[in-house]
Amino acid sequence: MEKLQLVAPCHFGVESVLKREIQKLGYHIVKVEDGRVTFEGDALAICRANIFLRTAERIMIQVGRIHATTYDQLFEGTKALEWEKFIPEDGKFWVKKASTVKSKLFSPSDIQRIVKKAIVEKLKIKYDTDWFSEKGAEYPIRVFFYKDEAVIALDTSGESLHKRGYRKNTAKAPISETLAAALIMLTPWNKDRILVDPFCGCGTFPIEAAMIAANIAPGMNRQFTAEQWTNLIDKKRWYAAINEANEQICDDIKTDIQGYDIDSEMIEFSRKNAELAGVEHLIHFQTRPLSKLSHSKKYGFIITNPPYGERLEEKEALKPLYEQIGRKYKALDDWSAFIITSYDNAEKDMGIKATKNRKIYNGMLKTYYYQFMGPKPPKKGKQ
């Protein structure tokens with residue numbers, strides 16, 4: 001397969017992390033935009049990106065970019081694209097999602113209808129037929145409009161890449177796996193440093209950290225829509241990517257990752273999820289309230305997603321909660337803390353000025369990622 005433009009959406013605010021991941025895999029970055037990164041790759045790149053990338057939401061093949069301010073322009077521009085290169089005569093294709101921001105074409109359902117119609121008309125001509133069985137592999141299409149420019153792409157992933165397959169037991173409003181991985185990767189933490197999540201819920205932060213530490217690719221235990229696209233990607237490519245991922249695993253490491261929660265049921269969920277992820281031996285989970293947060297070692301990390309207080313009655317408890325977080329953090333000698341929350345007064349109530357504060361959208365919810373940087377540990381051999 002020739003070089004393709006591949007599009008990887010991500011959470012707003014973590015584009016730099018995804019860019020570094022893609023470059024580490026060896027691919028050329030074409031464009032970085034709000035909420036997505038475009039890069040060049042071939043058939044193997046589709047497989048590797050789906051399996052290896054921790055912070056991408058999905059991997060798509062960009063079929064084309066179209067400037068359109070009318071539905072006629074959208075129809076003609078879509079019809080002009082080379083759909084026959086991607087969708088076989090028996091392929092099942094539909095526009096799964098359309099989104100539009102600051103564009104004259106603002107109706108997702110109309111955009112979906114017009115794009116589907118244009119593809120049908122193009123393939124009728126190319127395959128010399130008036131009817132498609134659509135009994136073959138599925139080829140879902142996504143359209144993203146921004147300032148009258150549409151990116152039209154084939155979704156190779158299917159279910160979002162945050163669905164690693166390990167989180168069978170969950171809590172209310174857990175942080176997504178992809179966002180948790182991105183937030184960890186925004187810190188200087190590595191497997192040789194202590195990591196504690198005092199509000200671990202169903203265990204997402206500790207599990208993602210353990211997978212990073214053991215170099216376990218996040219997409220190893222799930223399926224992807226493009227596995228059925230034998231007209232585009234030889235099965236051998238998928239096997240090669242999985243074999244590469246297996247060879248890189250190093251889960252006999254020693255690391256100190258801990259997850260605490262006041263709810264014993266959540267701790268049980270965390271242990272089961274860690275077992276499904278293959279990292280239960282790398283994490284210590286314990287039922288423990290915030291009031292008992294302490295550690296004898298120095299230079300550790302707190303990475304956590306404490307309660308936001310979305311309901312009115314919960315908001316009343318936030319001030320004393322964040323005051324306690326501040327007290328407990330200050331008592332930890334030379335530690336760093338990284339806290340994501342939508343609570344505006346977090347920094348004030350903790351009584352500590354953050355080193356950095358990054359705005360990140362968790363879905364439609366605006367959150368802040370407060371970064372309290374402690375000192376670096378001395379180099380080995382130095383006191």
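The shown structure was predicted, so the numbers you read here are calculated from the model rather than taken from an experiment.
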Checklist entry - Regarding Arg54 and Thr178, is there a side-chain donor-to-acceptor distance under 3.5 Å anywhere? => result no
Checklist entry - Would you say the side-chain atoms of Tyr322 and Thr341 include a donor-acceptor pair closer than 3.5 Å? => result yes
Next on the checklist: Side chains of His295 and Gln258: any donor to acceptor distance under 3.5 Å?
Outcome noted: yes
Checklist entry - Below 4.0 angstrom, N of the basic side chain to O of the carboxylate: do Glu76 and Lys79 qualify? => result no
Next on the checklist: By the side chain to side chain donor-acceptor pair (under 3.5 Å) test, which pairs, at least two apart or in different chains, include something from residues 188-200?
Outcome noted: Asp197-Thr304
Checklist entry - So does Arg36 pair up with Glu57, basic N to acidic O under 4.0 Å? => result no
Checklist entry - Strictly by modelled atom types, are Ser157 and Asn50 linked by a side-chain donor-acceptor pair under 3.5 Å? => result yes
Checklist entry - Do we see a donor-acceptor contact under 3.5 Å between the side chains of Ser176 and His11? => result yes
Item to check | Ion pair Arg65/Glu33, N-O distance below 4.0 Å | outcome: yes
Checklist entry - Measuring from Asn357:CG to Gln371:CD, what's the distance to the nearest 0.5 Å? => result 8.0 Å
Next on the checklist: Set out, in order, the CA-CA distance, both residues' side-chain angles and the distance that settles side-chain contact (heavy atoms from CB on, under 4.5 Å) for Tyr166 and Glu275, then state yes or no.
Outcome noted: CA-CA 8 Å; Tyr166 68 74; Glu275 186 176 352; over 6 Å; no
Next on the checklist: Please verify the inter-ring angle class for Phe93 with Phe132; under 30° counts as parallel, over 60° as perpendicular, anything in between as tilted.
Outcome noted: perpendicular
Checklist entry - Do Lys85 and Glu2 sit within salt-bridge range, that is, some charged N less than 4.0 Å from a carboxylate O? => result yes
Checklist entry - Taking 4.0 angstrom as the limit, do Glu323 and Lys319 come out as a salt bridge? => result yes
Next on the checklist: If the threshold is 4.0 Å, N to carboxylate O, is there a salt bridge linking Arg113 and Asp110?
Outcome noted: yes
Item to check | Selection residues 206-263 - residue pairs positive for ring-ring contact (aromatic ring centres under 6.0 Å, His included), sequence neighbours left out | outcome: Tyr139-Trp229, Phe224-Trp238
Checklist entry - Will you find, in the side chains of Ser264 and Glu268, an N or O donor that is under 3.5 Å from an N or O acceptor? => result no
Checklist entry - If you group Ile, Leu, Val, Met, Phe, Trp and Tyr whenever their side-chain heavy atoms sit less than 4.5 Å apart, what else falls in with Phe12? => result Tyr361
Next on the checklist: Quick test of your reading of the model: are Lys3 and Asp42 salt-bridged, counting only N-O distances below 4.0 Å?
Outcome noted: no
